Amino acid sequence: MADSFDVIVLGGGPGGYTAAIRAAQLGMNVACIDDWKNAKGGAAPGGTCTNVGCIPSKALLQSSEHFEQAEHAFAAHGISVQGLKIDAAQMVARKDSVVKQNNDGILYLFKKNKIRFFHGHGSFVKAADGGYEIAVTGADKATLVGRQVIVATGSSARALPGAPFDEKLILSNDGALAITKVPKKLGIIGAGVIGLELGSVWRRLGADVTILEGLPTFLGNVDDQIAKEARKVFTKQGLKIELGVKVTGVKTSKKGVAVSYTSAEGKDGTLAADQLIVSIGRVPNTEGLDADKVGLKLGERGDITVDDACRTNLPGVWAVGDVVRGPMLAHKADEEGVAVAERMAGQHGHVDFNLVPAVIYTSPEIAWVGKSEQQLKKEGVAYRAGTFPFMANGRARALGDTTGMVKILADASTDEVLGVHVIGPLASELIAEACVAMAFRASSEDIARVCHAHPTLAEATKEAALAVDKRTINF
Ligand code: FAD
Ligand code: NAI
């Protein structure tokens with residue numbers, strides 16, 4: 001007889017495992033099925049985020065940042081380093097151990113919350129009495145029945161047509177996070193988040209990195225002023241970024257990869273590289289779910305169609321994270337997972353899609369929440385802008401990292417903060433204050449009146465708030 005559960009969660013990434021924990025906290029009997037395998041074939045819950053996404057990329061960004069600091073910044077502190085070398089294989093091994101700590105942490109949380117974990121692939125079989133029958137194939141083969149189901153199957157890298165990933169020469173994020181020898185020449189297609197983060201990793205370690213981007217604008221979804229500053233800094237660092245490019249072919253040989261393309265000016269060119277990372281967006285994972293067996297509705301992109309509350313077209317079936325509409329971000333997946341579990345328990349789970357922050361973990365980091373200046377202009381909203389440069393911030397000077405600024409956009413009549421944009425050191429941490437302020441619908445004056453510790457980078461946020469009213473103290 002099939003094991004029965006109040007909730008079956010398909011997928012153990014940030015959307016799925018978080019939903020499972022919250023549902024268990026609320027007293028439900030929960031199963032979570034995840035098919036990710038580690039190098040030894042064992043269970044590795046945590047999804048893309050933990051295995052080949054957020055966590056490993058940040059581990060490599062940290063290692064490569066240490067290397068770059070040792071190479072270029074330590075001397076100013078009076079620290080001399082001789083014989084500086086990078087052991088890329090060791091760097092990747094450290095990254096793998098960071099990933100494993102996170103996999104193990106999630107397995108521990110499943111146990112702690114009495115969630116039954118099944119290592120294997122889950123798919124719909126049929127609508128069953130009072131729910132849905134789900135088949136698990138793989139290590140923990142089973143047939144389960146769930147009164148409710150949460151689909152959190154995530155996404156996978158999109159390949160260029162005619163250039164499938166071989167993870168040796170043509171790399172998705174999986175292969176790009178496992179390079180064990182610094183390539184001399186690295187090509188990247190797509191100047192989005194992955195292209196810039198992983199391009200930065202390998203550039204810092206000595207690779208000659210060229211990024212080919214299809215769109216004519218750089219970081220089109222980032223505030224224009226911040227994107228302009230970012231382009232300037234990245235170019236100075238040595239990242240070669242070509243915009244408005246049309247890739248016409250990719251060929252591999254013993255020598256590496258040759259990408260033929262037409263430039264924005266209409267000239268034909270070839271980019272020769274040892275390896276090529278293709279980071280042109282991701283596709284939702286719905287293949288192999290057997291959605292058709294129960295009539296689960298999919299959209300044009302192969303995503304699961306949901307309403308604002310993550311309800312699918314089927315009663316008792318929900319979907320969250322990368323497999324549905326909206327930004328493909330771990331914290332968005334996690335928020336949706338928690339909200340769905342709470343709705344299942346009759347509570348009022350809520351996700352404010354206007355307050356999902358975004359971060360690009362380059363150096364300087366870029367982070368933002370709310371509206372950009374160009375969005376406000378387009379929407380005809382009258383606003384006031386205040387910016388404060390890290391150059392004038394004492395902590396940034398002490399850190400030796402004064403690139404960038406904090407920018408606050410506030411409604412011209414009510415002073416409510418509508419958007420906060422940061423480029424600079426630890427922007428990823430600074431943006432949390434902006435999210436809290438905006439969640440409480442703070443005005444720029446509210447932020448300006450809050451005492452910020454000195455010396456901190458966060459003082460730049462307070463000063464940017466003062467700048468909205470043209471009364472910065474330190475600039
Ligand atoms: P996933 O994390 O993809 O998890 C889905 C899980 O379900 C996977 O384990 C998958 O194998 C499993 N699965 C799929 N189908 C089935 C099935 N039928 N049965 C059983 N299991 C199944 N986001 C951020 O917010 N911050 C970052 O810094 C960041 N960095 C990133 C860096 C890279 C290189 C990449 C690629 C992504 C990054 N992201 C980042 C995005 C983030 O990883 C995703 O938004 C997030 O993982 C989505 O979570 P999810 O739970 O929806 O799906
Ligand atoms: P992306 O959407 O950030 O960038 C893809 C880029 O490729 C875009 O600039 C697009 O215009 C370009 N592009 C698309 N097709 C092209 C083509 N044929 N030729 C040339 N350029 C082309 O996607 P990316 O970088 O693949 O990342 C995938 C997802 O993972 C993103 O949605 C992102 O949210 C998430 N992610 C988040 C991170 C973070 O939060 N720090 C880090 C890495 C990924």
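Atoms within each ligand, like the ligands themselves, are counted from 1 in listed order. Hydrogens, waters and symmetry mates play no part in the numbers below; they use all other heavy atoms, side chains included. Bear in mind that the values here come from a model prediction, so they are computed numbers and not experimental data.
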(request) Just jot down the ligand 1 atoms closer than 4.0 angstrom to any heavy atom of S155, in number order. (result) 3 (O)
(request) Tell me which protein heavy atom sits closest to atom 25 (O) of ligand 1, plus the residue, atom name and distance to 0.1 Å. (result) A330 N, 2.9 Å
(message) C49 versus ligand 1: do any nitrogen or oxygen atoms come within less than 3.5 Å of each other?
(response) yes
(request) Please say whether N173 places an N or O atom under 3.5 Å from an N or O atom belonging to ligand 1. (result) no
(request) Ignoring angles and geometry beyond distance, decide whether Y361 reaches within less than 3.5 Å of ligand 1 through its nitrogen or oxygen atoms. (result) no
(request) Can you pull out the closest protein heavy atom to atom 28 (O) of ligand 1? Residue, atom name and distance to 0.1 Å, please. (result) K58 NZ, 2.7 Å
(request) May I ask you to decide whether D104 forms a salt bridge with K100, counting only side-chain N to carboxylate O separations under 4.0 Å? (result) yes
(message) Below 3.5 Å, N or O to N or O, backbone or side chain included: is there any such pair between L177 and ligand 1?
(response) no
(request) Tell me which protein heavy atom sits closest to atom 16 (C) of ligand 1, plus the residue, atom name and distance to 0.1 Å. (result) T153 CG2, 3.5 Å
(request) Flag M328 as yes when one of its N or O atoms lies below 3.5 Å from any N or O atom of ligand 1, and as no otherwise. (result) yes
(message) Looking only at protein heavy atoms, which one is nearest to atom 34 (C) of ligand 1, and what is the separation?
(response) V52 O, 3.6 Å
(message) Considering non-hydrogen atoms of the protein only, which is the closest contact for atom 38 (C) of ligand 1, and what is the distance?
(response) C54 N, 3.9 Å
(request) Please identify which atoms of ligand 1 are closer than 4.0 Å to at least one heavy atom of W36. (result) 8 (C), 9 (O), 11 (O)
(message) If I apply the N/O under 3.5 Å rule, does E197 come out as touching ligand 1?
(response) no
(request) Give a yes/no on ligand 1: does I33 have at least one heavy atom closer than 4.0 angstrom to it? (result) yes
(request) Please state whether T50 comes within less than 4.0 angstrom of ligand 1, counting heavy atoms only. (result) no
(message) Give the atom numbers and elements of ligand 1 that come within less than 4.0 Å of a heavy atom of H331.
(response) 25 (O)
(request) Would you check ligand 2 and list the protein residues that come within less than 4.0 Å of it by any heavy atom, ordered by chain and number? (result) K58, R158, L160, I189, G190, G192, V193, I194, E197, L212, E213, G214, L215, S279, I280, G281, R282, M328, L329, V359, Y361
(message) Below the 3.5 angstrom mark, is there an N/O of G122, backbone or side chain, next to an N/O of ligand 1?
(response) yes
(request) List the closest protein heavy-atom neighbour of atom 10 (C) of ligand 1: residue, atom name, distance to the nearest 0.1 Å. (result) D35 OD1, 3.5 Å
(request) Decide whether an N or O pair under 3.5 Å exists between D34 and ligand 1. (result) yes
(message) If I apply the N/O under 3.5 Å rule, does L10 come out as touching ligand 1?
(response) no
(message) Tell me whether R282 has any N or O atom under 3.5 angstrom from an N or O of ligand 1.
(response) no
(message) Check contact between G120 and ligand 1, using heavy atoms of the residue and a distance below 4.0 angstrom.
(response) yes
(request) Output the list of atoms in ligand 1 that are nearer than 4.0 Å to some heavy atom of G321, sorted by atom number. (result) 52 (O)
(request) Please state whether S123 comes within less than 4.0 angstrom of ligand 1, counting heavy atoms only. (result) no
